[in-house]
Amino acid sequence: MSQVLTLTLKDLRRRLADPAALLVNLAIPLAIAGAMILAFGDIGGGGDSGPAAPKLRLGVVNLDEGFVSELLAGATQNSEAARHMEVRQEPDRESGLKLLRDQEFSALLVIPKGFGSSVLNGRKTSLELIKNPAQSIMPVVAQQITEVGALYASGAAKLLGDAGPRVSAIAESGGWQNAQDIGALAASLAIRFRGVDELMLPPLIEIDETKQDEPAAGASGGFDLISWMFPGMIVMGMIFVGMSQMKDLLRERDAGTMRRQLAGPVGPGTLLISKVLSVGVVVTAACGILMAIGAGAMGIRWGPLLPLAASTSALVLAVTGFSALMFSMVRTERQGDALGGIVTMVMSLLGGAFVPVQIMPAWMLNIARLTVNYWGNETLRALTGGGGWAEVAPYLGVLAVLGLVMTSLGVLLLRRRHLRGAL
Amino acid sequence: MSAGPGGGGAAGRMAAMASVDLRLMLRDKSSIFWIFIAPFLWVGFFGMFNKPQDPAALQIGLAILKQESTPLADALIGAIRAENFRVVVVEPGQTLPAGDDAPSRTLTIPAGFAGSIARREKVLLKFVEGRDANPEGTFATTVALHRAIMRVLGAEALGGFDPAEDLVTVASSWGGGRQIPSGRYQTIPGNLVMFVLIATITYGSSLLARERKLGILRRLMASPVRRAELIAGKALGRVAMAVVQVGVFVLMSLTIYRMDWGSSPAGLLLLMLAFICAAAAIGLLGGAIFASPDAASGIGIVVVLAMSAIGGCWWPSEVMPGWLRTASYVFPTAWAMNGLHELLSWGGGLRDVAVHCAVLTCFAAAAAMLAAWRLKGST
């Protein structure tokens, strides 16, 4: 045992003297994670207060001249709406469309000519909304807001009933000065409005909007892209590191240093175990570095300590065992290089590093389950999702068994190759 | 590793050097995978999950905690359902779904809701937005909830407020702006740009770094080849690698995905040529800068991944924040992707990609000059 430890320590010292390969292997998952954080992590957004409140940018072209359309267009500019909306009125459709094309407005509302008259006279009419296809959710919000406006207009028309045409006639004839007509209209409207105002002006039902507090320990806080994605990057990085470190066996074989070490009082089994062990230590260090970056720079919570320690140990064992097994079959350093990149990327792809396995078709999910990545990703994601022993147990067991089997098989095969003189 | 100084003068010698580089790359088994197999895997895999989506069909998840069962509460839920929500109703006594099924937004209809309305007392519906809920989705939710509430109150106040009787409707259409490229029109151009860079930056750079390390470039100078020809030959080799990679994608897109490459073959040809030159020159620069092949391919792949992601190869740049979209134009990937979208998705022509071609050519010229300057010492 002391021989294994001594050999492992010396091997580690040699490996760490040239950490360039390790750093490059860590840089790949970090580059992918960094790009995703820049793109989707709301950097430059709302700061500590969370993501900035979205603001709808709406263009309005009012082709009508009546007071109803003025009311509708103006409603988008009251103080409450102004918090959530930036509204710009344009004289014609063409200049309105330019807002969508050049200034990232979400939609253009066109109020047609004769709109107000139609509403007041009980004729069906429609508002035109042109949505910007370069955006996803905000045009849908614009449609909903326009439909709210249409609902108000429909409600007002229903409420006015046969008083609507009278209002229209007064408005069109400029009869707002005729006190008798106005008085009669007001009396009629007062009766109609009775009962409506207490329900709808303002609405009797209000929404009390709050943001969920920080989740209690163990509770799910909903989907967090970074906490979901980064475990996949960690497992990918660990496999990159495991494969590139295991390649050292072939380098030592080519340089003849392995054989020379056997001139000392060391058996081939001891030597190979110490080599695999030192790879395991480097993989552990890589995992630790990536997890620390995840916690420090991305705010990822890795959950309770003991399940985390057990999960990372099983993962390190599985990754090291997998690398040993791979390199027991690789003949040259060049083959190792080629295989390392290909196997790691393909396993990451299929194992759910980039796409949730839950949305994969059944046949692909079955393939995913054959990869170390799948079990590693799901274990770490169970932890970042607030899980503990119960949540990681099913994955942990498989990882540990995979790790033990692959490591034992890898060491055995490497030893056999060594005895054959091929290593 | 002879440059083959046979007939054809300088052009022949450069072509010979390029063909040697290309053969060396194609002899490498891993390059066969990355150039000929991985593109099919990547496009097939990501294309499977990147399907065109109709935003209008987007349903926002909402859980309604129903603390009373009355016709008015049911009417409100009915009006909310009509708003295109994916509604989960939690009846009194039931509990909210947890874990992966936990809703990101919940609305509570409190006990005594109908009674309060009957008494004309104000009712507050508690709406909780999950910690990680999308703010735009929440905005859409509150607007839709407001409309549902007005529908229910309108029915109470006006003795019926049937949507079918609405006088004013909304006729909506899409137009004005440009559609975000999706499906194969995002996946294939994105992977094309990324894999061309993988071929030129990782293989092209490491091959050149290896030749520098082994002193092959110096030995080549002993043959009747001028330094400029040698550097141009090496650049041409990387151009050949990129052309092979582009060919694989064009073939794949035409035969498997039946993709329409737009209506401007001239624009497409010029854009591809400019991008290939830029990628080849950057590959040359990588090989000129890095001392070891491992560093060239290792750091090269990190650079390619970062440029591809930020340049819009992995996702449409329209989904990124505005500042990042602007910043992405420091990378040739952003120009190449935007130019390809212009031609393939937005119906643009040669004139629309002229600036893209010019910028990519500038990238190529700058990288080639830097590489030539760095390679002086190695030749």
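If you're wondering where the values come from, they're calculated on a predicted model, not measured in any experiment. Within every chain, numbering begins at 1; the chains are lettered A, B, ... in the order of the sequence lines, protein sequences first and strands thereafter.
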Inset, instruction - Search all heavy atoms of A:Asn132 against all heavy atoms of B:Trp174 and return the closest pair with its distance. - result: O-CZ3, 3.4 Å
Inset, instruction - Just give me the residue among A:Val24, A:Val141, A:Leu127 that pairs up with chain B most often, heavy atom to heavy atom, under 4.5 Å. - result: A:Leu127
Legend entry - B:Arg147 (side chain) donor-acceptor with A:Ile145 (main chain) under 3.5 angstrom: no
Legend entry - pair B:Glu156-B:Leu72: side-chain heavy atoms closer than 4.5 Å: yes
Inset, instruction - Side chain from CB out, backbone as N, CA, C, O: work out which of these in B:Leu153 comes under 4.5 Å of a heavy atom of chain A, or both, or neither. - result: both
Inset, instruction - Among the options B:Ala140, B:Gly154, B:Gly175, B:Ser31, pick out the one with the most heavy-atom pairs lying under 4.5 Å from chain A. - result: B:Gly175
Inset, instruction - Output the option from A:Ile28, A:Leu159, A:Leu129 having the highest count of non-hydrogen pairs under 4.5 Å with chain B. - result: A:Leu129
Inset, instruction - Report the option among B:Lys122, B:His146, B:Met320 that has the most heavy-atom pairs separated by less than 4.5 Å from atoms of chain A. - result: B:Lys122
Inset, instruction - For residues B:Leu125 and B:Pro110, determine if any side-chain heavy atom of one lies less than 4.5 Å from a side-chain heavy atom of the other. - result: yes
Legend entry - chain B contact via A:Phe354 - side chain, backbone, both or neither, heavy atoms under 4.5 Å: side chain
Legend entry - Heavy-atom pairs under 4.5 Å with chain A, option from B:Asp294, B:Val168, B:Ile299 with the top count: B:Val168
Inset, instruction - Give, as side chain, backbone, both or neither, the part of A:Ala20 having an atom under 4.5 angstrom from any heavy atom of chain B. - result: neither
Inset, instruction - Please look at B:Ile301 and chain A and tell me whether the side chain, the backbone, both or neither of the residue comes under 4.5 angstrom of a heavy atom of that chain. - result: side chain
Inset, instruction - May I ask you to check whether B:Trp34 and B:Tyr203 place their ring centers less than 6.0 Å from one another? - result: no
Legend entry - Minimum side-chain heavy-atom gap A:Thr125-A:Pro112 below 4.5 Å: yes
Inset, instruction - Taking only Lys NZ, Arg NE, NH1 and NH2, and the carboxylate oxygens of Asp or Glu, determine whether A:Glu209 and B:Lys126 approach each other closer than 4.0 Å. - result: no
Inset, instruction - Name the option with the most non-hydrogen atom pairs under 4.5 Å to chain A; the candidates are B:Gly298, B:Ser173, B:Ser317. - result: B:Ser173
Legend entry - Within the 6.0 Å centroid threshold, strictly below: B:Trp314 and B:Trp42: no
Inset, instruction - Heavy atoms only, distances under 4.5 angstrom: which of B:Arg210, B:Glu83, B:Arg105, B:Glu165 has the most pairs with chain A? Name it, please. - result: B:Arg210
Inset, instruction - Check whether B:Val303 gets within reach of chain A through its side chain, its backbone, both or neither, counting any heavy atom under 4.5 Å. - result: neither
Legend entry - Most contacts with chain B, counted as non-hydrogen pairs under 4.5 angstrom, among A:Leu108, A:Ile205, A:Leu100, A:Leu23: A:Ile205
Inset, instruction - With a 4.5 Å cut-off on heavy-atom pairs, point out which of A:Leu97, A:Thr146, A:Asn25, A:Ile342 contacts chain B the most. - result: A:Ile342
Legend entry - Shortest non-hydrogen contact from A:Glu147 toward B:Val170: CG-CG2, 3.6 Å
Legend entry - Segment of A:Ala150 engaging chain B (4.5 angstrom heavy-atom cut-off): both
Legend entry - Residue among A:Gly34, A:Ala142, A:Gly122 with most heavy-atom pairs under 4.5 Å to chain B: A:Gly122
Legend entry - 4.5 Å side-chain heavy-atom contact, B:Ile109 and B:Ile77: yes
Inset, instruction - Compute the centroid of each ring, for B:Phe36 and then for B:Phe40, and state whether the two points are separated by less than 6.0 Å. - result: no
Inset, instruction - Could you check if a side-chain atom of B:Phe127 sits within less than 4.5 angstrom of a side-chain atom of B:Thr141, using non-hydrogen atoms only? - result: yes
Legend entry - Side chain, backbone, both or neither of A:Met36 within contact of chain B (heavy atoms, under 4.5 Å): both
Inset, instruction - Select one option (side chain, backbone, both, neither) describing which atoms of B:Ile117 are under 4.5 Å from chain A's heavy atoms. - result: both
Legend entry - Within 6.0 Å of CZ in B:Arg119, more than 12 heavy atoms from elsewhere: yes
Inset, instruction - Examine whether an atom of B:Thr142 lies under 4.5 Å from a heavy atom of chain A, and if so say whether it belongs to the side chain, the backbone or both; otherwise answer neither. - result: both
Legend entry - Which of A:Gly155, A:Ser244, A:Ala157 touches chain B most, by non-hydrogen pairs under 4.5 Å: A:Gly155
Inset, instruction - Check whether A:Glu104 gets within reach of chain B through its side chain, its backbone, both or neither, counting any heavy atom under 4.5 Å. - result: side chain
Inset, instruction - Sort A:Val119 into side chain, backbone, both or neither according to what part of it lies under 4.5 angstrom from a heavy atom of chain B. - result: both
